[in-house]
Amino acid sequence: MNFTEPTIDYAGISPIIALTAGLCVVLLSAVFRPLRRSAPALTLLTLATAAGLLIWQWGENVDLLSEALRLDDLAISISLIAIFMAASCVLLSVREPAVGQAGSGEYHALLLGSVLGMTLLAQAQNLVTFFVALEILSIPLYILCATNLRREGSLESGLKYLIVGSLGSATLLYGMAFLYGGTGSTGFDGIADAIAREGVTGDPLVLIGIALAGVGLAFKASIAPFHQWTPDVYEGAPTPITSFMAVATKAAAFAVFLRFFVVALGPQLQEWQPALAVLAAVSIVVGNVGALGQESLKRMLGYSGIAQAGYMLGGIVVASEAGASSLVFYLAAYAFMNLAAFAVVVARERETPFGDSIRAVQGLATERPLLAWPLTIAMLALAGLPATAGFIGKLYLIEALVEGDYTWLAVFIAVGTMISLAYYLRVVAAMWMRPGGEPAPGATPAIAGASPEADPVDPEAGRRWYLAGPALLAAAATVFFGVIPQPLVEFAEHAGSALF
Amino acid sequence: MNVEWYIVLSALLFCTGAVGILIRRSPMVILLCLELMLNAGNLALVAFSRMVGNQEGQVFAIVVMVVAACEVVVGLGLLVALFRRKLPLNVDELRELRG
Amino acid sequence: MSVSTWAWLVLLFPLLGSLTIALGFRALPAKAAGAIGTLSIALAFACAVGALLSLLGEDPEARHHASSLWQYASAGGLDIELGIYVDPLSVFMALIVTGVSTLIHLYSYGYMQSDAGYRRFFSYLNFFVFSMLLLVLAGNFVLLIVGWAFVGFASYALISFWYRRTTATRAGMKAFVINVVGDIGLVLAAFLIFRELGSFDYGPVFERAPEAFTTNEGTIVAICLLLLVGAFAKSAQLPLHTWLPDAMEGPTPVSSLIHAATMVTAGVYLIARTHTLFELAPTAADIAAFTGLATLLVAGTMALVMTDLKRAIAYSTMSQIGYMVMGVSIGAYSAGLFHLMTHAFFKALLFMAAGSIIAAMANDQNIDRMSGFGRAMRFTSVAFLCGALALAAFPSTSGFFSKDEILAFAEARGGMYLIFTVLGYVGALITAVYAFRLVFRVLPGKPCAEAQELIESGHVAHGEPHNPATGEAEDTDVGFPGSEHHIADQNWPMKAAMSVLAFLALFGGLVQVPGVDHYITSFLDPVFHDSPLAHIHPTAGAEWRGLGIGGLISLSGIGLAYYLYRVRPELPGVLQRRLRPLYTLFVNKWYFDEAIDLLVVRPALAVGRFANRVFERVVVDGLVSGTAETVRGAGGVVRAVQNGFVRSYALLLLVGVAALTLYFLLSSS
Amino acid sequence: MINALLWTPLVFGLVGLFLPKRATGWWATLGALVTLAVAVALAFDFDAGDSSLQHSVDVAWISGLGVDYSLGIDGLNLFLLLLTAVLWVGGIAFAAFREQERPQLFFFLMLVAETATLGAFLAQDLLLFVLFFDFMLVPFYLLFGVWGSDRGGTDGTTARAATLKMVIYTLIGSLLMLVGAIAAAVISADGGHLTFSIAALQQQGLDVESQRWIFWFFAAAFLVKMPAFLLHGWMPDAYRAAPLAVLVVFSGVLAKVGAYGFLRVVLPLFPDATVEFQEVVLVVALASILYGSVMAFTQTNVRLIAGYSSIAQLGFITAGIFALRADGADGAVLQMVNHGLVVAPVFVIVAILVERTGTEDIRQMGGMALRAPVLAALFLIVALATLAMPGSANFVGEFYILNGLFQEKIVFACIAITGVAMSAYYALRLYQSTMHNRKPDGLASREIGLRDGVVLAPLVLCILGLALYPQLILHRTAPTVQQTVAKVRGGDAPDARLAER
Amino acid sequence: MEAVLFFLAALGAIGGAIGVIAMRNPFFSVLALIVHLFSLAVLFLLLTAAFVAAAQVVVYAGAVMVLYVFVVAYVGGGESAWEPIPGQRFLAPLVGIALFVELSIAVLSSGLRALGTEGAEKIEPGFGDPAAIGTLLLEKFLLPFEASSILLLLAAVGAIVLAGRKREEAA
């Protein structure tokens, strides 16, 4: 039995190593009392290191660990987005009750684990790696969602996420099995070659594989009709986690979506393109109409997330460099907008008895302008109004779609955006056009506020640097990249060019 | 014995598990059903690996087992947590989040 | 100074006057405003005379000048200059306008003295004169339209001068809208002219027209008819006349200046101005002539039965304009314009006198209540009599010559045009009757209360000011009918103005006595000499025959009136009962208002109400709310599906799986 | 220079955020005045004879997407820029004279709105145009919503609802337009270098098929903005809710952006479609004229009378543009400026009346002319200009428009002209029922103070000045318009063009 | 012989599966699953996947199931037959069947010859035995191997977080 050890490019996997190591350290910190407080700091440190190493690797384009991973600008950019969201999540989690219940060390360790999963997923180019990475991403999230053990909603969301999520991954696995069977390979390139071979192209086995695997991914990216977990989980989970999930999970999912479908399943383009296009359209509609008239902001953002996922899927549908770039750009922009929004929601959750109900932000403009502006900008950006990164993102996507002859999908995006205005502007109206305290007509008692296990109220939360800071910075970034988008565009173009 | 048989069998098991998830309310049983589905996947993987004559499928299967184990652990952990909070062990009664 | 310079000055002074009074309305003392107003018009008259003289100084062929200040609007192929066109016709009009205006300003200076809106009144009045002059001097159709609309506006402003009188404002609105209809006619005509002749300027248009059109060709007829719409609206010809009687809501000087002497004759001027076009479209010309004829008869009948002094005179104005329109349409240009001039004199005079009487009646205009003013107000009644004589074409008065000249021309043209002569004489009879109906009802007899008071105390009667139309109490702080009334007998400016006009009314006709002199004709000749109808000249003999007949008719008319209203005063009542239907028709003004109300106003309002109540709510809002509802409904569905049961989520997911799988199965090769 | 014009308001607005409450109003007014000064300066060294772009700026903005930051002035937008600058001075000054809650924010938004509007007029890059076009809504949304007045009564629409309606409604078009714009660029680039420069796109041209649908995407945006008949559903509520100071600039300028868009974008880029759909758009325009007029003379709310009347006016403008003749288009451009100049003072006056009378129902007003002769006089002039009294620049505008229409499609012209008669009625009705007739008891009829005077008088003076010399605008506009229209016509008749396909 | 084994194992697997979803009492479900897993192990053996089969028995039927049993014992179970979701009872089997049919069609209509065979003819000796798998795990699948270890770690942490005794630390 001759064993040839695989060549290991340590530079390439350094970010992964960093994250893993950091994970362990943070976990240990939970054990040693003196270190317990330092978990957040350590986490941030880890993330910073990983980010640094990733940036160091920027421009690389290599296979790692016998083609288990591929490190390229797409992977790096996505990982960076994930890490950014994780870092901000750490900030938002300061004083978060959930942290107290889970234990700071464990909480942050799990967070890091999820990030690790995302980084791996973004680089995966092998079915096995892909599957494992996906689970490393998901399982910590199942747990994190449930960490606010005091609140029934939290546990419920955890369980729902676990059940439906596992169903999703089972489906994904089954699809992978079929692909493996059809092509006899687990590597993306191998699959691509096999499919391209005569006799395999368009074989039902392969196509079913694509279908099931596609479902698994669509589920993670919360594409309708595989979206239903999204609103519930977003609402139930601790808000910082929601903010992390909302962007990072999508980012990772879309990264592998792109790599898997373009690299591995490229030869079957003709078959899966229209299917994905339809899914995108459906999500746009479902997400946007679902978000109408939601009282819970988190829920509303959940639905809007579905719609946004629909927009982004467009970037994959066209399977072009422009598409990929636009997707990355949109994800980056989305990160900023969402962060701004969620940071404010967290702050209001802690300083008002209304929880995440829209009532919590009524009269915010007069009460806390410094929170009102970020939320306003976030809403306008999500609605894709000009002078925000959101507008440029939509513009980018639409351009890619039109170039890819999917103009009808572009029109869908436009129509969806119109609908979305109804609920985004509703929030703006609540902030600017309603006196504080005045109950919104027909407002159901806010879920968190009403229930006895209400989290402690911190009337000063809105002034805390770790909440106001991220909100303001993210909002500023949203506007900045709306006015001077070129840097972000180049970033996205690099990422997009990695695959084509 | 032809590979087709194995695959069809696995498909049957897969669907059984799926149906189970749809009709059972006890989260416990639902976890079991998930196991069923994953195992169905495993069966397919192993069968295919036999068919194409490389062992990657088997390795995959092993990894899947690990994953399955992890899901179980987490799932059971959630069950316990629910139990501690005196919450009903019935997914139908956990529907505070909806709409 | 050149003719055009004079002309520009003519325009300048009234404008200046108007502006000074308007801007200085706070600073100026009342009298000063009046003085400025009158003076500026007087200056304008002087300049008009200047223009006349320098025009006469030139040889007849060269007696037309175009001059422009600056490019008003020139782009995209259109070229519109701020230019005037001076020729005998425009100068003739300018002279009448400025001349009569001067006198009427003088009259108003006295008559309106105690009115709170004194300054406003003069500012408006001057503005009107400016507009009217712009109308007659304009050098292209666009500017003509501008002047046309300006006079319309001035008339509106002056009709609703007492703007808290709802009747007044309503009347003003009516006049304005109907005039806008006229404007539209003109505008369309202008478009058509531009399309065919490529210009708006008189010079080119009238030059190119004869080449561009064959006689009675559709386009030219259309052009002329559109022009006629404008002309009729302005000159209160059927069926666009209904605003004129209502316009009597305005102060009497306004009625006398705008709604008798000048503005309402603009239509006549327009036809004369564009005679080149009308000669190319005889059909249109005849239509115009017949309308004129119809108007003069119909209006005459109305004037016979009106009991409101001013309205009666207003109808008579309509009828007289009917003569003029008839005249210029059948080609009796100089005759028509001559009548225009004389009519300006005597009608203005009549209104002035009427105004004086009404003032004495404390603003009561009902002739049934008037009598005996012959003794109460000597001067006024004399003036009134002079006006009536001229109107009734009493031999040797101005109306006598001018009216008959038109009829004689019609006779001379012969053929079907004899109709105009015959019916024209019928009209003349009616005219004489209603003119002297007024005289005999108002002047002689036992003085009524007001007259009595005047005779005894010399004071003008004061009644509780109320609106005779609605009976609602007047809002006196706007002004008239306020505390003070002024009557000619006690007020020199009025007296002066009226005596001049009285003289002109009696002897103004002598400038054009058949076989003796023909100043008007010869002066206007350069304008019309190239007309194909220019050769038609009734012989002096024929004219004198006509005059004879005319004289007899007017005398008999007066006699008949005397018999009816003096000898057998009860007879009119009897006739009324005998000819009930006819009487009702007349007294209801032939139901024109009702017809228009039924055909235009009600439908428009109905449409509006429908649009407002139904369409806007159902369709327009439906478009919005419908969409919104649909979307919201969809949202409801989505949220209903999101029922919180994790198992149903799983179900949907698997359904999705099945569907997607199916799709891929189908698309498999 | 041109950058200064565009960004001055924004800069002033930002600074204003940090000034004490009392000062902001005046600071904002100053900002508007400076902008006006810049605009005037630009207008002065504008070469009338030259039909091409002047003072143009063109730098790459998002090179990755082929979007440039390119501005320019030509005959089409010169006077609209001036109009914008003038009206904003009026609107802001008017507001500055009054108590505003949260003044910093109010004036900030006003100035942002000005920048956005100027941007829309200046943009020479299709996408930049779309961007500004959409962005305009943001400040106005907040202005309407925050400072707007909720309507009581049975159908008490709140300012929130009204403005939301407006934004969504107007964005429907705008977003489609975004897609259309991108499609236009991508398709005409056809794999080559992607650019959004209007001039370049015009050069490249576009196949007829694409023109057809893209035309409608743009038309939708512009017609809603105007608003045109059937697409005006947002107007009544929004106009009722809007604060009047804002309405002054909103109704004065924003509607024009739509009409301007047709001239700037649609005619040059989609000539074939324009010719093909000429009648359709003309029908819409006529409908707007008639419907707007009819509604205007049945309304009793002063704001709505003005609102519907502008629907009618915009109908005329559209008709003028789609006469596809030089004179029609000249008239349209002139009329845009005129209408802006009259509708703004109308709303100022309406605001004053509402303050005096405490009602917006003309049936409860009247007889104010006696105590407020100056106000009455100014209002009279404005009213006459509104009804396009011959002698006013509005008349010249309508005359040109109708003449163009008449020479092109005689029937349409004859129908359209009835709108003139109706406008006479509703304009005078508005004037009479407020200034004339009996004065209801308890109606405070006062003369306008100096403060409103200085807002109103300049606008009225502009009206009078243009009335005397409309050529001022016409001869600067004519060359560019001539060029634009010539491009559409391309020398040959529409039917010939249609026959080609 | 092989066929017989297959059918027996298949029946066992199916029976177990049915049992899992049919049993009212979770405890029996667990037992049913164990049956199912064992039969699967047999099938794996038939497919010459010795190591996988072994792992199946040890890891699954052993460790995991024990865990299950404990938890069941701890929390108990049992559930009502009441179905609150309209249509679920009717749709669930439908979907299941539909999916099964589709998958089967896919398999049967597939053009891949190999499916019809018993698998690749010549497979090197020691196919699927621990050594071979081990090598693969350390060479080609090193990363997944390591990653799954991390996954286990995370799962463990999760279990502690969720089920472990709460030590209330005021964060």
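The structure presented is a predicted model; accordingly, all values stated were derived computationally and were not measured. Convention: sequence-line order gives letters A, B, ...; per-chain numbering from 1.
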Visitor: Which atoms of B/L31 come close to chain E, meaning under 4.5 Å heavy atom to heavy atom: side chain ones, backbone ones, both, or neither?
Guide: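 Contact with chain E involves both backbone and side-chain atoms of B/L31.
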Visitor: Can you say whether B/F60 sits under 4.5 Å from chain E via the side chain, the backbone, both, or neither, judging by heavy atoms?
Guide: neither
Visitor: Tell me the ring pair (Phe, Tyr, Trp, His ring centres under 6.0 Å) pairs involving residues 19-52 of chain B, sequence neighbours left out?
Guide: A/F178-B/F48
Visitor: So which part of B/L32 gets closer than 4.5 Å to some heavy atom of chain E, the side chain, the backbone, both or neither?
Guide: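 Both backbone and side chain.
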Visitor: Name the option with the most non-hydrogen atom pairs under 4.5 Å to chain E; the candidates are B/L22, B/N2, B/N42.
Guide: B/N2
Visitor: Run the salt-bridge test on B/E93 and B/R25 with the 4.0 Å N-O cut-off and return the result as yes or no.
Guide: no
Visitor: What option among B/N54, B/I30, B/I21 has the most heavy-atom pairs under 4.5 Å with chain E?
Guide: B/N54
Visitor: Which region of B/A18, side chain (C-beta onward) or backbone (N, CA, C, O), has a non-hydrogen atom less than 4.5 Å from a non-hydrogen atom of chain E, or is it both or neither?
Guide: neither
Visitor: Which atoms of E/F127 come close to chain B, meaning under 4.5 Å heavy atom to heavy atom: side chain ones, backbone ones, both, or neither?
Guide: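 Both the backbone and the side chain of E/F127 come within 4.5 Å of chain B.
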Visitor: Check each atom of E/F51 against the heavy atoms of chain B and say whether the ones under 4.5 Å are side chain, backbone, both or neither.
Guide: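 The side chain, not the backbone.
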Visitor: Let me know if E/L5 has heavy atoms under 4.5 Å from chain B in its side chain, its backbone, both or neither.
Guide: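 No part of it gets close to chain B.
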Visitor: For chain E, which of B/D92, B/L13, B/L79, B/V19 has the most heavy-atom pairs under 4.5 Å?
Guide: B/L13
Visitor: For B/L12, which atoms come within 4.5 Å of any heavy atom of chain E: side chain, backbone, both, or neither?
Guide: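 When you check distances to chain E, atoms from both the backbone and side chain of B/L12 fall under 4.5 Å.
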